[in-house]
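In what follows, a structure is listed as structure tokens, so that the remarks can point back to it.
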Amino acid sequence: MEGPEASSDALDLQFLRRLPLAEAAFRCLGHCWDDAFLEGLFRDHAPGCYTSKVTFPLLVRLVCDALLRHQGSGNKAFTAASDDGRLKA
């Protein structure tokens, strides 16, 4: 491969060799958690639905918190989010 793609691929490969797998996965997921991306996904795939106090991006973050930080407990994730002011509902 030649051009910018080749240097980008080489840089990606160097990056992946130096980064632990869990952190690499977490960083990749971070790109999926972008508010604009999630709002567009919700708008495109849930026509006619709405969000009020709990937006789709917030719901995604809370589910991820439950899975990654609270041993799968949605109750703990939502309670923590309420306590720290992220969840207003």
Side-chain angles (χ1 to χ4, degrees):
M1 220 183 253
E2 294 182 21
E5 294 84 17
S7 62
S8 177
D9 290 343
L11 183 62
D12 291 345
L13 188 56
Q14 285 181 7
F15 180 73
L16 289 173
R17 285 184 184 145
R18 296 179 183 176
L19 193 63
L21 181 59
E23 185 167 339
F26 193 70
R27 287 184 184 211
C28 289
L29 283 173
H31 292 289
C32 298
W33 293 335
D34 176 65
D35 283 358
F37 170 76
L38 290 171
E39 288 166 359
L41 184 70
F42 183 81
R43 182 185 60 248
D44 293 346
H45 295 281
C49 296
Y50 70 95
T51 60
S52 181
K53 294 184 180 187
V54 180
T55 64
F56 185 63
L58 177 59
L59 179 63
V60 169
R61 281 191 204 77
L62 292 173
V63 169
C64 289
D65 283 351
L67 295 172
L68 299 173
R69 296 190 176 127
H70 298 285
Q71 297 79 38
S73 173
N75 184 39
K76 288 180 184 177
F78 278 65
T79 300
S82 181
D83 290 347
D84 66 22
R86 289 181 295 145
L87 181 61
K88 309 278 191 237

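If you read the sequence from its start, that first residue is 1, and numbering goes on from there.
For the pair Thr51 and Thr55, the tightest heavy-atom approach, listed with the atom from each and the gap, is CB-CA, 3.9 Å. Across all non-hydrogen atoms, the minimal contact from Ala77 to His70 is CA-CD2, 3.6 Å. The nearest pair of heavy atoms linking Trp33 to Val60 is CD1-CG1, 3.8 Å.
Atom CZ of residue Phe56 and atom CG of residue Leu38 lie 6.0 Å apart, to the nearest 0.5 angstrom. With rounding to the nearest 0.5 Å, the separation of CG in Leu58 from NZ in Lys53 is 13.0 Å.
Qualifying side chain to side chain donor-acceptor pair (under 3.5 Å) partners for Asp44, counting only residues two or more places apart in sequence or in other chains: none. For Phe78, the side-chain contact (heavy atoms from CB on, under 4.5 Å) test picks out Leu59, Leu62, Leu87, with sequence neighbours left out. Partners of Arg86 by side chain to side chain donor-acceptor pair (under 3.5 Å), not counting sequence neighbours, listed by chain and number: Asp65, Asp84.
For Arg61 and Asp35, the salt-bridge test passes: some basic side-chain N is under 4.0 Å from an acidic carboxylate O.
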